[in-house]
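Accompanying notes for the structure given below.
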Amino acid sequence: MQRSQLLDRLAQPRRYDLAVIGGGATGLGVALDAAARGLSVVLLESHDFAGGTSSRATKLVHGGVRYLAQGNLSLVREALHERTTLLRNAPHLAQPLAFIMPAYRWWELPFYGVGLKAYDALAGAAGLGRTEFLGRGEALQALPTLRGEGLKGGVRYWDGQFDDARLAVALARTAAREGALVVNHCEVTGLAHEAGRVIGLHARDRETGRTFQVQAGCVVNATGVWVDALRQRDGEATGRAVRPLVTPSQGVHLVVDADFLAGRQALLVPRTADGRVLFAVPWLGKVILGTTDTPRDDLPREPQAQDAEVDFILSEIGRYLVRTPTRQDVRSQWVGLRPLVRPGQEEAGATRAISREHTVQTSPSGLVTVTGGKWTTYRAMAEDVLAHCADQGLLDPLLTESKKGVTTNLHLVGAQAADRANDLGQPPGLHLYGAEAPAIQALPGADRVLGGGLTEAMVRFAARHEYARTVEDVLARRSRLLFLDARLAADLAGEVAALLRQETGADPQEADFRTLAGTYLPAAEGPAMTSA
Ligand SMILES: Cc1cc2nc3c(=O)[nH]c(=O)nc-3n(C[C@H](O)[C@H](O)[C@H](O)COP(=O)(O)OP(=O)(O)OC[C@H]3O[C@@H](n4cnc5c(N)ncnc54)[C@H](O)[C@@H]3O)c2cc1C
């Protein structure tokens, strides 16, 4: 996979059936589905695949107990079924996980237990395991570091977890395998119009500055929280006022060492002081704590955690654990922006009450915009988008309809035999590469561990086969080290940069990565990293 060849393909004059803007869960899902149906597809991502919200999830493949509490049963049912599909199609990157909801008051057991039994019922045959009531001793056996004082018992239910950024890369590569042209670090700078209709887009390679014009019968704006920027430009080009669709809300996650949550099961806090659910989830040898839900009115690429959000997570989770984690225990923190869809501009209120279901709409110019939803339902969302495009006459309805459902049983690149179950609770390593592990072992440096489960061969593989161009691409999303241990990630930046220079000949942006890594630690710890 040579980048220069990808860009040469992009420069060729041709008209694609579909151009997708944005390489997060949503855009990649649409590109893969369309390519698998036989459409000609191009997808452009301005930064890196999953560089936006899609690498910053809680990593749950879930129906969503909080949506259950809101009575949003159709969303929960769809997500529970998609959960099973994802686990089947990417078993190297997604797996079932048991969650324990502890009860410190007697009424909580029947109250939450009945709700979680309903979760089972909605899953039906797609269930991953039976919801069970646990006695006090059983709950402590499952989560040995759970606070025992006052504990009455618990409820165990099943959901899934995954590696979000690696899943995005697997989607990109699978879409390419199905014939799509997918290019990261290539920004869509504008839309091309003819007689008031969108007929394509303008793009710019962020590495070289080379520019491109791409023609397409259908253009899908899947730029997550950033969809309104392109909608705005579309409106300006066609002389229409455009009302913003998205209101962003940020979610903070903290990562601490595994011993804070001993055992291999996750903890669900059913109701925090501000009335939400909070998780402690074992993931890749660490524990993820989160998340928050804080409205904001800007859309930075790298949103920062507020001190109050960090303290809130530490203190809320600390109420449930024998040892309360402190800021000094945080190995990494990251922030994602939720693209929440506004029901209407005039409606105000807490962001957590705003729809998390996705929205697909077409502007008068024919620009199709999709936003909202969740990672778990990316595949179903893609089907919806293509059906919408066909309804609007932007794609051939015969082709799209006859091949509908083609991704239901489409294994993603790297999917290994189903009997080789993976353990995403284990520290990172070759197991995340599924069926591709032997290909990595055959590369130079297979036995040279740089740190954090990352080998020289993995960096080479990332550059040769996984579209990685920068130190950040490798350490944030091919390996997840930035999200697991920001200090260690900064320590490895130099070696990763040297390998990337050998592999790509391009500037791997090492200094930018060191600065970024400094922002992935709570404020008191951050500044020292930048001078490393
Ligand atoms: C804190 C948090 C926790 C979450 N946890 C979960 C979870 O546990 N499970 C779950 O199922 N869901 C979860 N979600 C939801 C899920 O992560 C999102 O719904 C999903 O990632 C959104 O994907 P997207 O592709 O729409 O957006 P993004 O991932 O943001 O992708 C949009 C992409 O468009 C690109 N882009 C922008 N402008 C341009 C341009 N001009 N040209 C080219 N590209 C451009 C951006 O760089 C970006 O990569 C969570 C969300 C948040 C915020």
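In each ligand, atom 1 is the first atom listed, and ligand 1 is the first ligand listed.
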Listing, residues 21-34 side-chain donor-acceptor contacts under 3.5 Å, not counting sequence neighbours, or none:
unit_1, atom_1, unit_2, atom_2, d
Asp33, OD1, Arg37, NE, 2.7
Asp33, OD1, Arg37, NH2, 3.3
Asp33, OD2, Arg37, NH2, 3.2

Legend entry - Protein heavy-atom partner closest to atom 30 (O) of ligand 1 - residue, atom, separation in Å: Thr53 N, 3.0 Å

Legend entry - Under 4.0 Å to a heavy atom of His62 - the qualifying atoms of ligand 1, by number: 7 (C), 9 (N), 10 (C)

Inset, instruction - Please determine if Asp485 and Arg480 form a salt bridge, counting it only when a charged side-chain N lies under 4.0 Å from a carboxylate O. - result: no

Inset, instruction - Measure centre to centre between the rings of Phe162 and Trp375, then say whether the value is under 6.0 Å. - result: yes

Inset, instruction - Could you tell me the residue and atom name of the protein heavy atom closest to atom 7 (C) of ligand 1, and the distance to it rounded to 0.1 Å? - result: Leu60 O, 3.5 Å

Legend entry - Nearest-contact summary for atom 24 (P) of ligand 1 - protein heavy atom, Å: Thr26 OG1, 3.3 Å

Legend entry - Shortest protein contact, atom 5 (N) of ligand 1 (heavy atom only): Thr58 N, 3.0 Å

Inset, instruction - Name the closest protein heavy atom to atom 23 (O) of ligand 1, giving the residue it belongs to and the distance to 0.1 Å. - result: Ser54 OG, 3.1 Å

Legend entry - Selection from Val246, Val188, Val335 by shortest heavy-atom distance to atom 41 (N) of ligand 1: Val188

Inset, instruction - Tell me which protein heavy atom sits closest to atom 52 (C) of ligand 1, plus the residue, atom name and distance to 0.1 Å. - result: Arg338 CG, 3.8 Å

Inset, instruction - Please write down residue, atom name and distance for the protein heavy atom closest to atom 49 (O) of ligand 1. - result: Glu45 OE1, 2.7 Å

Legend entry - Heavy-atom pair of closest approach, residues Leu18 and Ala216: C-CB, 4.2 Å

Legend entry - Identity and distance of the protein heavy atom lying nearest atom 38 (N) of ligand 1: Thr223 CG2, 3.5 Å

Inset, instruction - Closest by any non-hydrogen atom to atom 36 (N) of ligand 1: pick that one out of Gly372, Ala168, Ala222, Ser46. - result: Ser46

Inset, instruction - Indicate the atoms forming the closest heavy-atom contact of Asn184 with Tyr467, along with that distance. - result: ND2-O, 2.9 Å

Legend entry - Ring-face cation contact, Trp226 with Arg301, 6.0 Å cut, 45° max: yes

Legend entry - Side chain to side chain, Leu254 and Leu314, heavy atoms closer than 4.5 Å: yes

Inset, instruction - Closest by any non-hydrogen atom to atom 6 (C) of ligand 1: pick that one out of Ala57, Gly29, Ala25. - result: Ala57

